[in-house]
**Student:** 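Below you'll find the structure I mean.
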Amino acid sequence: MSRLLIIGCGGVAQVAITKCCQNSEVFTELCIASRTVSKCDALKEKLESQTTTKITTAKVDADNVDELVALIESYKPDAVLNLALPYQDLTIMDACLKTKVNYIDTANYEPEDTEDPEWKAIYEKRCKEAGFSAYFDYSWQWAYKDKFKDANILGLLGTGFDPGVTSVFTAYAKKHYFDTIESVDILDCNGGDHGYPFATNFNPEINLREVSAPGSYWEDGHWVEIPAMSIKREYDFPEVGMKDMYLLHHEEIESLAKNYPEIKRIRFFMTFGQSYLTHMKCLENVGMLRTDPVKFNGVDIVPIQFLKELLPDPATLGPRTVGKTNIGCIFKGMKDGKERTIYIYNVCDHQECYKEVGSQAISYTTGVPAMIGAMMVVTGKWNGTGVFNVEEFDPDPYMEALNKWGLPWVVDENPATVE
């Protein structure tokens, strides 16, 4: 029925590819492409005896538009699913634009080199105008909207879990439970334990940048920025228990504020243990989270990239991670003139994920929605021309697919709230 080109073969990509192969009626053919083609070949060998999906592999540099264009023109996919790094969003979008092929990703663009003068000038202007200082934002990709529309192609942004599922939860809540949503609290709890003194559950470079940056939230039509980790709350998560969580800046706040201007406040909280925070602060204090090159023995190295090489690969955490995740949204608003509060969430078990796909739950909860977003596009259930975030489409088929493909959700109509 469809040919899908998947760029990237890390932990999330391996889950998404495995789930595509479980869904052979939709994904009849796949091409897995990466700089490290040996990883693609190994995954193909593992999966091809378990699926009727025809799998091919290719080597590609996702920073090179010409290489990407050549691969797309050769393979002729119905869509490109970008599961590389957020640094590469724009080059892959450029390639899709040149070849007029639909584009799908899970995370918004951020630069690899935050000292690049051209990027920095635009960034500093945005900080002043928008009021938040995170390195990542949607403006770079939203700028492709008219170009994609003129090319008659669809760009689907942010079909991971957060962003992604949390945004679809918002669309679903508005469609079925509220006349007006007044506030959204997005809660991301990982109750898993991998046994290491310090490790990150997804790409360390992206994860540590995100967590060490100032926090921010949307309130009454503007951004409020706070020092990193300065707002802490406790929450008793269903099936996980009481956890400390901290307010962070997160990308779906930006798109939800744009697409649901009625919402007065949007916040994002993520749980962290004290050991993680202590390690991270120490690394930050000694300069290991720097993103600019430094000289070492006459060679330029980027400290955070060097640190990434020292830390456990998130893709290897599956066998040793136990416990559960709980990710969802608490909504407050009005329905039929009455106040209403609901909590829509998913609970995922690390060991159950590992048994099914050989991955811990963090990669699983991003990889499954990546497959579902791609399915929405290639089947035409979500269609249009231009660039869209997931909450701009009908949430019902996506929500149905979550239940079917491994991420069942719960609606609690009497939840505890975050004050």
Side-chain angles (χ1 to χ4, degrees), residues 5-16 33-36 60-65 68 80-97 103-116 118-120 122-123 126 130 132-144 148 155-167 188 200-213 216 248-255 268 270 289-292 302 304-305 307-308 313-315 362-363 365-367 369-370 373-374 387-390:
L5 170 60
I6 297 180
I7 299 174
C9 199
V12 169
Q14 291 183 33
V15 173
S34 171
R35 277 193 183 95
T36 313
V60 73
D61 179 355
D63 290 317
N64 188 313
V65 175
L68 290 163
V80 173
L81 174 56
N82 169 16
L83 297 176
L85 294 173
Y87 310 149
Q88 293 147 345
D89 286 359
L90 302 188
T91 53
I92 299 173
M93 290 182 79
D94 284 336
C96 287
L97 191 58
Y103 168 88
I104 305 146
D105 71 24
T106 62
N108 68 1
Y109 171 71
E110 63 180 282
E112 185 171 13
D113 179 9
T114 56
E115 296 303 314
D116 174 68
E118 185 178 350
W119 174 85
K120 200 165 186 178
I122 296 170
Y123 164 76
R126 190 220 72 198
F132 68 94
S133 61
Y135 290 146
F136 51 93
D137 75 286
Y138 274 119
S139 65
W140 298 87
Q141 291 176 279
W142 285 343
Y144 282 73
F148 270 48
L156 180 67
L157 307 182
T159 180
F161 205 108
D162 43 348
V165 174
T166 51
S167 306
D188 184 326
T200 62
N201 289 295
F202 58 94
N203 183 283
E205 207 174 332
I206 303 300
N207 183 225
L208 291 169
R209 275 190 181 192
E210 179 181 289
V211 175
S212 60
S216 59
L248 305 182
H249 177 86
H250 223 247
E251 58 228 72
E252 67 264 51
I253 300 175
E254 186 183 12
S255 69
F268 179 95
M270 184 175 283
L289 303 190
R290 287 176 57 175
T291 60
D292 55 315
V302 177
I304 198 168
Q305 292 178 356
L307 175 63
K308 176 183 174 182
D313 181 350
I362 303 302
S363 293
T365 54
T366 305
V387 173
F388 302 88
N389 294 88
V390 292

**Student:** Who pairs with Asp94 by side-chain hydrogen bond (donor to acceptor under 3.5 Å, both in side chains), at least two apart in sequence or on another chain?
**Tutor:**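 Testing Asp94 for side-chain hydrogen bond (donor to acceptor under 3.5 Å, both in side chains), a comparison that skips the adjacent residues, returns Tyr144.
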
**Student:** What pairs with Asp137 under salt bridge (charged side-chain N to carboxylate O under 4.0 Å, His left out), at least two apart in sequence or on another chain?
**Tutor:**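 Salt bridge (charged side-chain N to carboxylate O under 4.0 Å, His left out) list for Asp137, sorted by chain: Arg126.
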
**Student:** Roughly how far apart are Asn82 CG and Leu68 CG, rounded to 0.5 Å?
**Tutor:**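 With rounding to 0.5 Å, CG (Asn82) is 9.0 Å from CG (Leu68).
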
**Student:** Grab the two heavy atoms, one from Ala13 and one from Gly8, that are nearest each other, plus how far apart they are.
**Tutor:**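 Closest approach of Ala13 to Gly8, heavy atoms only: CB-O, 3.3 Å.
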
**Student:** Output yes when a side-chain donor or acceptor of Ser167 lies under 3.5 Å from a complementary backbone atom of Val390, and no otherwise.
**Tutor:**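 Such a contact is absent between Ser167 side chain and Val390 backbone.
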
**Student:** Quick one: are Arg290 and Val302 in side-chain contact, heavy atoms under 4.5 Å?
**Tutor:**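 They are not in contact (no side-chain heavy atoms under 4.5 Å apart), so the answer is no.
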
**Student:** Any donor and acceptor pair, going by atom type alone, linking the side chain of Asp105 with main-chain N or O of Gly158 inside 3.5 Å?
**Tutor:**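 Present.
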
**Student:** With sequence neighbours left out, write down each residue that passes salt bridge (charged side-chain N to carboxylate O under 4.0 Å, His left out) with Asp116, or none if nothing qualifies.
**Tutor:**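 Once residues adjacent in sequence are excluded, Asp116 has no partner under the salt bridge (charged side-chain N to carboxylate O under 4.0 Å, His left out) criterion.
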
**Student:** Quick one: do Tyr123 and Tyr135 satisfy ring pair (Phe, Tyr, Trp, His ring centres under 6.0 Å)? Show the steps, please.
**Tutor:** CA-CA 8 Å; Tyr123 164 76; Tyr135 290 146; 5.6 Å; yes

**Student:** Strictly distance-based, threshold 3.5 Å: is any side-chain N or O of Glu251 a donor or acceptor partner for the main-chain N or O of Phe136?
**Tutor:**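 Not confirmed, Glu251 side chain does not pair with Phe136 backbone.
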
**Student:** Take the angle between the ring planes of Phe268 and His250 and call it parallel below 30°, perpendicular above 60°, tilted in between.
**Tutor:**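 Aromatic pair Phe268/His250 classed parallel.
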
**Student:** Report yes or no: does Tyr138 contribute a side-chain atom to a donor-acceptor pair with the main-chain N or O of Leu157 at less than 3.5 Å?
**Tutor:**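 Absent.
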
**Student:** Check Ile92 against Ala84 and note the closest heavy-atom contact, atom names and distance.
**Tutor:**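 Closest pair (atom of Ile92, atom of Ala84, distance): CD1-CB, 4.4 Å.
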
**Student:** List for me each residue that meets side-chain contact (heavy atoms from CB on, under 4.5 Å) alongside Thr365, sequence neighbours excluded, and say none if there are none.
**Tutor:**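 Partners of Thr365 by the side-chain contact (heavy atoms from CB on, under 4.5 Å) criterion, ordered by chain and then number, come out as Phe161, Thr325, Ile327, Asn346, Cys348, Leu407.
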
**Student:** Would you call Pro111 and Trp119 a side-chain contact if the rule is heavy atoms closer than 4.5 Å?
**Tutor:**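 In short, these two side chains touch, coming nearer than 4.5 Å.
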
**Student:** Evaluate Leu81 against Ile7 for side-chain contact (heavy atoms from CB on, under 4.5 Å), listing each step before the verdict.
**Tutor:** CA-CA 6 Å; Leu81 174 56; Ile7 299 174; over 6 Å; no

**Student:** Answer with yes or no whether the side chains of Gln88 and Glu112 bring together a donor and an acceptor at under 3.5 Å.
**Tutor:**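 The answer is no; no qualifying pair exists.
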
**Student:** Can you name the residues that form a salt bridge (charged side-chain N to carboxylate O under 4.0 Å, His left out) with Asp63, not counting sequence neighbours?
**Tutor:**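 Salt bridge (charged side-chain N to carboxylate O under 4.0 Å, His left out) check on Asp63 returns Arg35.
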
**Student:** Looking at every non-hydrogen atom in both residues, tell me the closest pair between Thr106 and Ala370 and how far apart they are.
**Tutor:**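 Closest approach of Thr106 to Ala370: CG2-CB, 3.8 Å.
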
**Student:** Of all the heavy-atom pairs spanning Leu83 and Ala16, show the shortest one and how long it is.
**Tutor:**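 Taking every non-hydrogen atom into account, CD1-CB, 3.6 Å.
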
**Student:** Evaluate Leu289 against Leu307 for side-chain contact (heavy atoms from CB on, under 4.5 Å), listing each step before the verdict.
**Tutor:** CA-CA 8 Å; Leu289 303 190; Leu307 175 63; 3.9 Å; yes

**Student:** So, taking the atom named OG1 in Thr159 and the one named CD1 in Ile104, what distance separates them when rounded to the nearest 0.5 Å?
**Tutor:**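 If we round to the nearest 0.5 Å, Thr159:OG1 and Ile104:CD1 are 8.0 Å apart.
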
**Student:** Looking at Ser139 and Glu254, what are the two nearest heavy atoms and their distance?
**Tutor:**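 Shortest heavy-atom contact: N-OE2, 4.4 Å.
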
**Student:** Before you tell me yes or no, could you show the steps for Glu110 and Trp140 under side-chain contact (heavy atoms from CB on, under 4.5 Å), namely the whole-Å CA-CA distance, both residues' side-chain angles and the distance that decides it to 0.1 Å?
**Tutor:** CA-CA 9 Å; Glu110 63 180 282; Trp140 298 87; over 6 Å; no

**Student:** Can you check whether Asp89's main-chain N or O pairs, donor with acceptor, with Gln141's side chain at less than 3.5 Å?
**Tutor:**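 No, Gln141 side chain to Asp89 backbone: no donor-acceptor pair under 3.5 Å.
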
**Student:** Does Asp188 use its side chain to pair, donor to acceptor, with the backbone of Met270 at less than 3.5 Å?
**Tutor:**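 It does not hold such a pair.
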
**Student:** Applying side-chain contact (heavy atoms from CB on, under 4.5 Å), can you list everything that pairs with Ser216, at least two apart in sequence or on another chain?
**Tutor:**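 Ser216 satisfies side-chain contact (heavy atoms from CB on, under 4.5 Å) with Phe132, Trp223, Glu225, His249 once adjacent residues are dropped.
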
**Student:** Does the pair Trp142 and Asn389 meet the rule for a side chain to side chain donor-acceptor pair (under 3.5 Å), with working shown?
**Tutor:** CA-CA 9 Å; Trp142 285 343; Asn389 294 88; 2.9 Å; yes

